[in-house]
2 protein chains.
Amino acid sequence: MLNKDDVIPLYVQLKRLLRSQILNGEFKEMDLLPSETQLMKQYQITRTTIRKAIAELKQEGLVQQVHGKGTYVRLRETKDTVWNFQGFSDLAHLQNQKPITKVLEKETYQKDGSSFLKLVRLRGLQSDNITTWMTIDTSHLPLNRFPDLDTYDFSNTSLYKLLRETYNTYPHHANLNIEPILGTPLMYDRLELEEKKPLLRSFGVVSTESNIEIEHLEIIYSPHFKFKFSQYINY
Amino acid sequence: MLNKDDVIPLYVQLKRLLRSQILNGEFKEMDLLPSETQLMKQYQITRTTIRKAIAELKQEGLVQQVHGKGTYVRLRETKDTVWNFQGFSDLAHLQNQKPITKVLEKETYQKDGSSFLKLVRLRGLQSDNITTWMTIDTSHLPLNRFPDLDTYDFSNTSLYKLLRETYNTYPHHANLNIEPILGTPLMYDRLELEEKKPLLRSFGVVSTESNIEIEHLEIIYSPHFKFKFSQYINY
DNA sequence: CAGTGGTCTAGACCACCCT
DNA sequence: GGGTGGTCTAGACCACTGT
């Protein structure tokens with residue numbers, strides 16, 4: 001149920017509710033969501049509010065509206081663009097796949113008189129007990145900002161969840177470069193690739209809303225990872 | 001001005017108007033757009049309609065709203081990301097470089113009973129009489145939608161400008177895939193590259209606002225072309 | 001035809017920012 | 001305090017889809 005006195009806007013509450021119902025499987029792929037009129041009655045809120053919630057779900061690619069028919073659940077495609085960050089786990093669940101993370105390296109080092117944590121993780125998706133490795137993530141995090149970060153085990157803990165919940169730091173945007181590379185033998189070995197196809201490498205900085213740098217990172221993408229983009233064209 | 005009897009929704013009309021004003025430089029980077037109240041008076045439409053228009057501009061990355069302050073023009077983010085389309089020329093001028101286009105192939109062909117134009121162009125930047133080739137663009141365009149398109153010379157004519165001004169067709173967004181490849185000898189030859197570094201290849205479809213496909217395209221990027229992204233992180 | 005989403009109006013109250 | 005955007009209500013009419 002929704003709480004009209006909560007500080008969280010009604011449309012956000014409704015959006016989260018519908019999203020969790022979709023992700024939990026209460027509504028399945030190609031199901032129709034309740035119509036806007038039904039939702040009005042059910043939650044006693046206006047259609048405008050409902051449409052705002054659905055519009056954002058549509059933007060996230062979870063839902064598709066068709067005039068005269070209804071609002072369909074749409075888990076396929078669209079959101080493959082989200083590479084890592086936290087979209088990784090969500091994406092996995094949608095496709096009945098399990099996100100797998102293996103910590104390859106974890107070490108602290110000094111640079112310019114400050115301590116940093118270097119974290120190398122192999123990330124992949126598991127379905128039917130077959131694991132497909134997708135990326136090798138290398139993160140560099142400042143330990144003065146995140147004390148004791150090196151004491152955590154990251155194989156089961158989301159880095160960003162930890163930053164948010166323990167260090168109250170909210171990653172907001174990333175500035176990244178992308179380039180094609182020939183992988184090193186180590187990379188192909190880690191990603192369990194036979195073919196020595198070229199790989200994608202992206203690297204850059206993750207910052208908070210106020211542009212404080214919180215992470216330097218590099219991501220090596222396996223060819224299994226399909227990059228999709230939508231780009232608006234400016235006149 | 002807006003036309004309330006037009007079949008085009010008011011918010012779309014307003015969105016296009018504001019967008020063209022931004023891109024024509026009537027509003028500049030970091031300028032404030034007129035406030036929602038001002039726009040209400042100016043165009044005699046409701047705030048809901050105005051907010052819908054602005055929301056879509058926000059989604060396109062042209063504009064940013066700040067509570068209590070106003071709506072700012074923000075061209076930065078999108079501009080760096082823009083690879084080709086017409087951002088190419090803008091980008092060039094900014095750096096005191098001249099955009100160069102060389103038509104490599106131009107031929108019509110039949111497929112599924114329809115005629116198409118295949119256009120292959122080499123694009124680069126010139127400064128101090130040195131040309132650096134950046135991309136090889138291959139476009140496929142339907143001739144039934146663009147009659148006589150094959151009669152134009154594209155070395156000095158912008159394809160998109162032609163589509164807009166002659167065929168009244170507005171490219172709006174592109175859905176693209178990106179992958180690293182090993183180039184063919186022909187590619188390295190055309191791009192005048194000595195080193196056989198891996199290249200980036202992107203391919204996909206360009207559509208109008210109403211999702212009508214107008215161009216299939218492939219772009220091969222030279223390593224001289226640096227890809228930069230800004231990605232917002234969603235929770 | 002009834003039901004659905006798409007657009008739009010005319011208000012209201014609030015939280016935020018600046019002076 | 002006066003202006004800004006953020007949320008929400010309670011309606012209305014329309015275009016599209018199915019039967």
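Order of the sequence lines fixes the chain letters, A, B, ..., with proteins taken first and strands second; residue numbering starts at 1 for each chain.
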Trainee: Taking the nucleotide of DNA chain D with the closest heavy atom to each, which residue, A:K69 or A:Q13, is nearer the 5' end?
Mentor: A:Q13
Trainee: Check whether NZ of the Lys or CZ of the Arg B:K52 lies under 6.0 Å from the centre of the six-membered ring of B:Y11 and within 45 degrees of that ring's axis.
Mentor: yes
Trainee: In whole angstrom, give the distance that lies between atom CG of B:L14 and atom C1' of C:dC8.
Mentor: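 Rounded to whole Å, this separation is 13 Å.
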Trainee: Can you tell me if B:T37 touches the phosphate of D:dG3, counting only side-chain N or O atoms and a distance under 4.0 Å to OP1 or OP2?
Mentor: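 False: B:T37 side-chain N/O out of range (4.0 Å or more) of D:dG3 OP1/OP2.
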Trainee: Send over the distance from B:H67 NE2 to C:dC17 P, rounded to a whole Å.
Mentor: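 Spelled out: NE2 on B:H67 to P on C:dC17 is 8 Å.
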Trainee: Starting at atom CG of B:D6, determine the distance to atom P of C:dT7, rounded to an integer number of angstrom.
Mentor: 13 Å
Trainee: Round to a whole Å and report the spacing from CG of A:L33 to C1' of C:dG3.
Mentor: 16 Å
Trainee: Between B:D150 and B:K106, is the closest basic N to carboxylate O distance under 4.0 Å?
Mentor: no
Trainee: Please state how far atom OH in A:Y43 lies from atom C1' in D:dT9, giving the value in whole angstrom units.
Mentor: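 Checked: the OH to C1' distance equals 19 Å.
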Trainee: How many whole angstroms separate atom CD1 of A:I50 from atom P of C:dT4?
Mentor: 12 Å
Trainee: Would one find a side-chain N or O of B:T49 under 4.0 angstrom from OP1 or OP2 of C:dT9?
Mentor: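 Checking B:T49 against C:dT9: at least one side-chain N or O falls below 4.0 Å of OP1 or OP2.
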Trainee: With respect to the side chain of B:R51, which nucleotide from D:dT7, C:dC8, D:dA15 is positioned closest?
Mentor: D:dT7
Trainee: As a test of reading the structure: which of C:dC8, C:dG5, C:dT9 is closest to the side chain of B:Y11, going by heavy atoms?
Mentor: C:dC8
Trainee: Where the side chain of A:R47 is concerned, which of D:dC8, C:dG6, D:dG5 is the nearest nucleotide?
Mentor: C:dG6
Trainee: C:dT7 C1' sits how many Å from B:N3 CG, rounded?
Mentor: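 To the nearest whole Å, that distance equals 15 Å.
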Trainee: In sequence, state the C-alpha distance, the side-chain angles, and the governing distance for B:H140 and B:Y109, and then conclude on ring pair (Phe, Tyr, Trp, His ring centres under 6.0 Å).
Mentor: CA-CA 10 Å; B:H140 298 262; B:Y109 66 95; 5.7 Å; yes
Trainee: Could you tell me how the ring of A:Y221 sits relative to the ring of A:F227: parallel (under 30°), tilted (30 to 60°) or perpendicular (over 60°)?
Mentor: perpendicular
Trainee: When you measure from the side chain of A:E36, which nucleotide among C:dG6, C:dT7, D:dT9 comes out closest?
Mentor: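 Within the option list, the nearest is C:dG6.
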Trainee: What does B:S35 touch in the nucleic acid at a heavy-atom separation under 4.0 angstrom: a base, only the sugar-phosphate, or nothing?
Mentor: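 Sugar-phosphate contact only.
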Trainee: Between A:G70 and A:T48, which residue's closest nucleotide on DNA chain C lies nearer the 5′ terminus?
Mentor: A:G70
Trainee: Looking only at atom types and distance, does a side-chain atom of A:K226 sit under 3.5 Å from a main-chain N or O of B:N177, one as donor and one as acceptor?
Mentor: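 Judged by distance alone, no pair lies under 3.5 Å.
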Trainee: With a cut-off of less than 4.0 Å, is there a side-chain N or O of B:Q65 near OP1 or OP2 of D:dG6?
Mentor: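 Yes, such a contact exists.
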Trainee: Can you find a side chain N or O atom of A:K4 that sits less than 4.0 Å from OP1 or OP2 on D:dT7?
Mentor: no
Trainee: Touch check for A:I54, heavy atoms < 4.0 angstrom, all strands: base, sugar-phosphate only, or nothing?
Mentor: nothing
Trainee: Just how far, in rounded Å, is C1' of D:dG3 from NZ of B:K41?
Mentor: 10 Å
